[in-house]
Amino acid sequence: MAQLPPDGQILIQQNDGIVSIFDQYSQEVFHEFNPSEANETSITMGKIWHDEKLTDEQRCFAIFWSGYFYAHANK
């Protein structure tokens with residue numbers, strides 16, 4: 001699990017093979033994907049990039065961590 005800057009309110013976490021990006025207080029899920037599926041990961045990264053609920057900094061970190069989960073799911 002990782003907290004996204006600047007305040008750590010948004011979390012990215014893998015649970016039972018699915019990565020979720022969500023608000024830790026409201027539990028609102030912004031995005032979910034299976035990191036072992038390259039196409040699904042790529043599509044979700046595109047959705048993250050255009051998500052207006054996230055700040056520029058949060059989008060960059062969410063994409064970074066999405067790539068991390070993808071890389072470790074496909075060793």
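- Under the ring-ring contact (aromatic ring centres under 6.0 Å, His included) criterion, F64 pairs with no residue, sequence neighbours left out.
- For the salt bridge (charged side-chain N to carboxylate O under 4.0 Å, His left out) condition, no pair includes a residue of residues 35-51, sequence neighbours left out.
- Every residue two or more places apart in sequence or in another chain that forms a side chain to side chain contact (heavy atoms under 4.5 Å, CB included) with A38 is listed here: Y70.
- Here the shortest heavy-atom pairing between I12 and A62 reads CD1-O, 3.9 Å.
- Evaluation of the salt bridge (charged side-chain N to carboxylate O under 4.0 Å, His left out) test over residues 52-61, restricted to residues two or more places apart or in two chains, returns E28-K53, D56-R59.
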Practice item. Dump the intermediate steps for side-chain contact (heavy atoms from CB on, under 4.5 Å) on M45 and F33, then the final yes or no. Key: CA-CA 10 Å; M45 289 171 120; F33 65 96; over 6 Å; no

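- In this structure, the side-chain hydrogen bond (donor to acceptor under 3.5 Å, both in side chains) partners of S20, at least two apart in sequence or on a different chain, are E32.
- Residue Q58 comes nearest to P6 through the heavy atom pair NE2-CD, 4.1 Å, listed as atom of the first residue, atom of the second, then distance.
- Residues passing the side-chain hydrogen bond (donor to acceptor under 3.5 Å, both in side chains) test with Q9, sequence neighbours excluded: D23.
- The cluster map of Ile, Leu, Val, Met, Phe, Trp and Tyr, joined by side-chain heavy atoms under 4.5 Å apart, puts Y68 and I63 in the same cluster.
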**Study point:** Verdict with supporting geometry, F69 and S36, side-chain contact (heavy atoms from CB on, under 4.5 Å)
**Key:** CA-CA 8 Å; F69 286 117; S36 66; over 6 Å; no

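- The shortest heavy-atom contact between G17 and P35 is O-CD, 3.1 Å.
- Within the 4.5 Å cutoff, no side-chain heavy atoms of W65 are placed close to those of I21.
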**Study point:** Step-by-step side-chain contact (heavy atoms from CB on, under 4.5 Å) determination, I48 to S66
**Key:** CA-CA 10 Å; I48 292 168; S66 295; 3.7 Å; yes

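- With hydrophobic clusters built from ILVMFWY side chains whose heavy atoms lie under 4.5 angstrom apart, L11 shares a cluster with V29.
- I18 and F30 are members of different hydrophobic clusters when ILVMFWY side chains are connected at heavy-atom separations under 4.5 Å.
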